[in-house]
Amino acid sequence: MQKFSALSLLRAGLTGHAGWQRQWRSPEPKSGYDVIIVGGGGHGLATAYYLASRYGVKNVAVLEKGWIGGGNTGRNTTIIRSNYLFDESAGIYEHALKLWEGLSQELNYNVMYSPRGVLMLAHNIHDVQSFKRHVHANRLNGIDNEWLSPEECKEFCPPLNVGGSMRYPILGGALQRRGGTARHDAVAWGYARAADALGVDIIENCEVTGIRRAPTGEVVGVDTTRGSINAKRIGVVAAGNTSTVMNMAGVRLPLESFPLQALVSEPVKPIFPCVVMSNTIHAYISQSDKGEMVIGAGTDVYTSYTQRGGLHIVNHTLDAICELVPAFRRLRMLRNWGGIVDVTPDRSPIVAKTPVSGLYVNCGWGTGGFKATPGSGEVFASTIAKDEPNKINAPFTIERFRDGAVIDEAAAAAVAH
Amino acid sequence: MTGTYRVRRGDVAESRNAVHFTFDGKSYQGLAGDTLASALIANGVHLVGRSFKYHRPRGFVSAGSEEPNALVGVGATQSRYTPNLLATQVEIYDGLVAESQNRWPSLETDAGFLNEYFSAFLPAGFYYKTFMWPRTAWKKLYEPVIRRMAGLGKAPAEPDADRYTQVFAHCDVLIVGAGPAGLAAALEASNSDATVILCDEQAEMGGSLLSDRSASIDGMQAADWARAALDELRKRPNVKLMSRTTAFGWYPHNFVGLNERVTDHLSNPATNQPRERLWQVRAKEVVLAAGAIERPLVFTDNDRPGIMLAGAARTYVNRYGVVPGKQVVVFTACDSAYRAALDLKAAGARIQVIVDLRKSVSGYWVDKARAEGIKVRSDSIVRGTSGWLRVKSAQISNAQGGDAETVACDLILMSGGFTPSVHLFSQSRGKLSYSEELRAYVPGESVERERSVGACKGLFALESVIESGAKGGRDAAAKAGFPPHGERSYAVSAQSVGADAFIGSVMTDHQAEKRAWVDFQNDVTAKDVRLATREGFRSIEHVKRYTTTGMATDQGKLSNMNALGVVSKQIDVAVPKVGLTTFRPPYTPTTFGSFAGQSRGDLFDPVRKTSIHAWAEAQGARFEDVGVWKRAWYFPQVGEDMHAAVARECKATRESVGIFDASTLGKIEIVGKDAAEFMNRMYTNAWTKLEPGRLRYGVMLREDGFIMDDGVVGRMATDRFHVTTTTGGAARVLSMMEDYLQTEWPDLEVWLTSTTEQWSVIALQGPNARKVLEPLVDGIDLSADAMPHMSVREGRICGVPTRLFRVSFTGELGFEVNVPAGYGRAVWEAIFAAGKPYGITPYGTETMHVLRAEKGYIIVGQETDGTVTPDDAGLGWAVGKAKRDFVGKRSLSRPALVREDRKQLVGLLTTDPKVVLEEGAQIVLDPTHPIPVPMIGHITSSYWSATLNRSIALALVRGGRSRMGEELSIPMPDGVIKAKVVDSILFDPKGERLNA
């Protein structure tokens with residue numbers, strides 16, 4: 001792998017950048033691999049990278065039906081935080097956050113992890129109680145999260161409408177200073193480049209059309225639009241399409257798929273210093289390095305596989321944003337898009353073995369998967385390599401929905417991920 | 001005529017008023033009808049902006065909404081300042097204040113231009129390769145610097161002073177675009193009984209006809225025909241014309257979003273006018289007549305001020321009466337630029353040379369140019385330009401290379417042909433197909449009820465444009481159910497400009513090191529695009545994201561096709577195989593405020609108030625938001641804080657009588673022969689044996705076995721229940737009930753009616769409650785024997801019909817008086833007056849919370865959090881074990897829900913009775929345990945109890961009921977608090993008071 005650095009950039013600049021190599025190859029699929037990862041999003045590419053880098057499994061292919069990072073990895077609002085309530089969630093998201101902190105260096109790719117702080121606003125007494133519960137639980141779990149008064153919220157994020165005429169005034173907020181954002185595309189590309197350098201085959205434009213199983217039940221490979229490929233272990237990480245892919249192996253999962261929309265404004269000079277989330281009035285916002293306000297909200301109401309949503313959701317998202325920052329009313333929406341999120345009954349993910357031998361699934365991250373990308377990939381790689389869950393993802397089984405050991409953050413706090 | 005670049009506009013004899021405005025602090029004069037761009041051009045100003053990355057000087061490329069360079073900030077005050085507006089769209093008015101952006105200290109001398117010197121080291125995606133060391137420097141050093149360099153305009157510093165409104169509309173035929181195709185479509189579609197909306201983004205409708213001096217229709221000059229057609233349309237009652245209105249987004253099922261700009265062009269708008277209106281239109285049929293956008297040519301240094309699309313120059317001359325330059329070089333791959341050159345020549349400009357990429361050129365326009373003495377060079381390119389703040393010359397050579405000739409100029413016109421505007425068609429999920437002939441994507445198969453007509457369909461000859469528009473209009477009206485009354489014909493006289501086009505970069509192989517801009521605003525050059533492909537970014541989506549081409553505020557209107565062309569050539573893959581980035585709304589940037597509409601302040605969400613609200617307000621109550629309701633929180637008297645007020649309210653209620661407005665509770669009337677069976681299925685409790693006249697506390701679960709809602713239910717008759725829900729849960733409980741009733745049990749004869757707003761509910765609680773109420777009630781015996789705790793009677797109070805509940809959420813003798821909401825305030829006041837001798841005290845939700853906590857009553861959402869079962873909450877008794885089924889029953893027997901160490905509701909008493917625990921605080925066994933500390937529960941409710949003269953708390957604790965008497969720790973940042981586990985009922989455990 002060509003080393004990226006200021007020096008290499010300088011050197012290349014003097015020679016017209018002629019020497020840069022492909023960041024990842026474009027190999028033809030081999031007849032078989034030790035492990036096939038279905039889905040070339042951030043989670044799938046991270047899984048492949050950690051399989052190769054940490055768990056010694058290098059004969060790996062990532063199969064992507066389109067272009068890598070083209071699903072929710074390239075569509076989300078890039079919020080990173082780990083201040084979750086329950087121990088299980090805190091465990092997996094904090095695992096991810098720790099990996100984010102060193103990810104650019106580990107991958108030798110600037111993923112622009114920016115711990116600008118994530119401020120979650122409280123608008124009623126219930127919110128205050130709920131957020132304080134988070135703050136206390138996080139403190140005992142060693143996760144930074146602090147309660148800010150309305151005045152402290154204003155000081156941390158000056159554009160906020162504190163003390164104004166809001167229908168639901170800001171009563172305070174929970175701030176995770178280590179939370180922030182990262183450059184979503186770079187995460188996919190960085191993992192792809194690093195995995196490729198370790199021998200992983202990243203195969204784009206290769207849609208899985210079937211999962212082949214032996215008469216004894218275990219998986220033996222996949223059928224794809226580019227032919228059949230053998231593998232004894234298959235990890236499915238195909239957010240937005242998990243149900244359809246798992247159905248190919250006869251596995252039904254408790255998932256519903258909803259459109260989730262996001263939008264950006266035209267770029268403006270720096271004005272918004274952090275990430276602000278407001279679940280009560282349904283909106284979140286941050287400013288990208290380029291200057292765009294990156295804005296999102298909750299999912300559309302109806303299940304769908306079309307990667308777009310309704311205009312009324314945009315209206316309600318932006319009325320909330322304009323309430324939070326009335327000076328943004330004259331900014332303009334540049335682009336609005338949708339992705340499809342797979343949602344489990346408790347809105348927590350499934351990262352687990354499945355009833356089918358050799359088949360593993362990583363899904364159900366709902367609206368909050370991006371922040372988990374490194375942690376999710378790392379524990380999923382461990383699970384596939386060792387054929388047993390890692391301690392961190394052990395609670396995130398499929399069976400919990402049968403047994404009732406749910407991890408219901410959203411119900412607990414009415415908090416979107 | 002003002003300014004040296006003013007000419008007579010078209011053939012129109014006219015007088016236009018002078019308009020005064022400022023740009024970057026300097027005063028200018030324009031004419032009414034000018035855009036900021038045409039007015040500046042009239043004054044010889046071409047330098048209007050700086051590019052995003054290299055801060056290169058930039059001028060006008062276009063005359064419309066596709067403009068990438070001429071972005072300005074407009075507004076004299078911060079409360080009306082708008083960044084990033086297009087000078088090509090801003091209409092001038094007297095007093096307009098505009099400024100350039102993204103430059104410091106000035107537009108002419110911009111320090112950001114230093115980037116230009118380092119441009120060799122700042123290729124596409126350079127930031128992914130560096131700024132990684134040391135680890136913390138990204139956030140502290142690199143990112144802040146990059147952020148300051150990035151961004152375009154400045155966001156306004158003050159809240160927006162303007163208003164926005166929203167309108168919903170239906171029509172039979174919506175026509176997007178009022179150029180020749182759209183006008184013809186409107187004339188035909190409205191020649192029927194169909195209702196027609198015709199919208200256009202521009203101030204004046206007519207589209208390309210307004211810039212056309214050579215064509216004629218029905219014997220009229222094109223622009224005159226357009227105006228005549230509009231006059232005709234204006235007279236038709238079934239037509240609505242909407243100028244300054246952009247169809248920005250297509251949503252499923254012919255739902256189209258329109259943004260109408262109402263006041264931005266006015267010097268003194270009426271105060272009752274909104275700034276913009278968002279129209280949400282459901283159209284039976286849509287005609288897309290969105291036109292086409294001229295494509296720039298990608299040649300070396302093609303970004304200097306004074307390098308402009310040929311069609312734009314033609315618009316400036318013919319429509320606005322300004323010449324953008326006097327010495328003109330034209331660089332083209334199609335005939336339309338010849339037509340533009342001739343129009344400029346007619347306006348007095350000198351055409352130095354027309355440089356044509358094509359090997360051989362011929363046809364009407366070429367011949368005409370030659371006949372007028374214009375030099376034409378075929379098979380040639382502009383291979384470079386010079387000039388800093390304005391282009392000075394062009395270097396011209398053969399297309400393959402060779403010696404270059406330098407030609408002086410102050411304007412270079414370019415044209416690579418036209419790209420049909422398929423944005424809305426694509427948003428409707430219609431399939432695009434690539435036309436090799438047009439080198440562009442054109443609409444293929446439709447998915448929704450729409451059709452594309454005219455240039456957006458790939459038709460460029462005026463005759464066929466009008467013909468397709470007319471046909472599309474007739475077709476749309478007919479499909480909507482309104483066959484047109486007839487057909488008209490159009491006598492079009494226009495010389496075709498053909499459909500030649502070029503895609504990609506025109507540079508020769510020897511020019512690989514030179515920079516030719518593909519995306520002007522984002523500073524993406526052909527070299528950047530090629531670098532991306534070398535680095536393995538081959539999907540056009542990857543190229544876009546890596547280079548940022550097509551991600552500027554024009555969203556690739558000018559750049560996408562050329563980027564595709566460069567990629568296609570570089571990796572030797574046909575254009576359609578390279579792919580196409582997705583078209584997304586909005587077509588052009590659209591104001592946040594228009595999406596938000598009237599939804600601001602108190603209109604953000606409906607404010608629901610009870611009929612007693614005003615009384616509480618007059619008493620000085622403080623309110624809290626519960627769902628959309630305003631609820632009286634506490635009633636402070638002079639000098640009291642919340643703590644003192646609540647202590648007083650509690651004491652008064654326990655000692656005599658308190659009065660509380662419970663009207664916000666959700667209420668559902670459940671009626672029908674199967675009402676009891678329905679209740680049995682929805683609630684955990686058994687209802688069959690509940691006799692009419694009795695109340696029961698009901699618990700409702702979700703399918704997963706966790707508590708969803710609770711409330712007291714009265715059986716009014718064998719087939720009638722009066723159900724109450726929590727305040728916040730009313731809507732979702734009714735939805736869930738309807739969902740089950742309609743989808744799972746349609747066989748049940750049950751009807752559900754929300755009665756939340758029909759009943760006012762007055763809770764009267766305390767030992768003297770009966771004494772206060774008795775004199776006011778008719779026909780109900782309130783004695784303990786006749787009306788025991790948990791019963792309901794119907795009768796009259798103060799002469800008003802009532803459903804009188806004997807029920808208590810305080811542990812005291814209590815009643816809840818339900819009266820029709822219209823009488824709520826009067827009955828409340830009568831009760832309050834009757835209670836005066838007993839010192840009746842109004843109390844709010846906070847006191848209600850304290851009183852119920854003393855009794856261990858739960859509040860759904862506080863003691864429960866979606867993970868609590870009835871047994872966890874100490875409500876196992878409310879689950880009808882013998883019942884065959886109810887929602888959530890099966891889940892209750894899941895292994896994790898029957899574990900003995902589940903978190904259970906208990907009381908907690910702090911060792912120090914003065915210490916009030918914090919709600920949400922976590923409970924541990926060993927506070928000295930290193931982090932992470934195992935947590936066994938949390939405080940759900942915590943208050944100072946005036947009654948018990950100490951603090952009290954409720955908590956969910958792992959295995960809590962088997963820990964009675966155990967001392968637990970609550971570690972806080974400033975020390976550990978100790979508390980003892982006790983029963984959750986802390987006051988009157990035997991219930992003697994409420995049964996009194």
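Letters A, B, ... mirror the listed sequences (proteins, then strands); counts begin at 1.
- Within the 3.5 Å criterion, the main-chain N or O of A/A320 finds no donor-acceptor partner in the side chain of B/R600.
- The candidate from A/I271, A/V264, A/I125, A/V314 with the greatest count of non-hydrogen atom pairs under 4.5 Å with chain B is A/I125.
- Between the side chains of B/E918 and A/H136, at least one donor-acceptor pair of N or O atoms lies under 3.5 Å.
- If you tally non-hydrogen atom pairs under 4.5 Å between each of B/W133, B/Y164, B/Y251, B/F248 and chain A, the highest count goes to B/Y251.
- Checked against the 6.0 Å centroid criterion, the rings of B/F537 and A/W24 qualify as a close aromatic pair.
- Note that B/K139 lies outside the cation-pi zone of A/Y113, set by a 6.0 Å cut-off to the ring centre and a 45° limit from the axis.
- Residues A/N124 and B/V626 form no side-chain contact, since every pair of their non-hydrogen atoms from C-beta on lies 4.5 Å or further apart.
- Contact count against chain B (heavy-atom pairs under 4.5 Å) is highest for A/L318 among A/L318, A/L14, A/V406, A/N108.
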Please set out all donor-acceptor pairs under 3.5 angstrom arising from side-chain atoms of residues 144-156 of chain B, sequence neighbours excluded.
from   : atom 1 : to     : atom 2 : distance (Å)
B/R147 : NE     : A/D289 : OD1    : 3.0
B/R147 : NH1    : A/Q287 : O      : 3.1
B/R147 : NH1    : A/S288 : O      : 3.4
B/R147 : NH2    : A/Q287 : O      : 2.8
B/R147 : NH2    : A/D289 : OD1    : 3.1

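- Side chain to side chain, A/N110 and B/Y127 fail the donor-acceptor criterion of an N or O pair below 3.5 Å.
- For A/R116, the salt bridge (Lys or Arg N to Asp or Glu O under 4.0 Å) partners are B/E143, not counting sequence neighbours.
- Between B/Q166 and A/N315, the closest side-chain pair of non-hydrogen atoms falls below 4.5 Å.
- Annotation: side chain of A/W67 is in contact with side chain of B/R545 (closest heavy-atom distance under 4.5 Å).
- Using cut-offs of 30° and 60° on the angle between ring planes, the pair A/W189 and B/Y128 is perpendicular.
- With chain B as the partner, the residue from A/N161, A/V128, A/I68 showing the most heavy-atom pairs under 4.5 Å is A/I68.
- Side chain to side chain, B/T82 and A/R330 meet the donor-acceptor criterion of an N or O pair below 3.5 Å.
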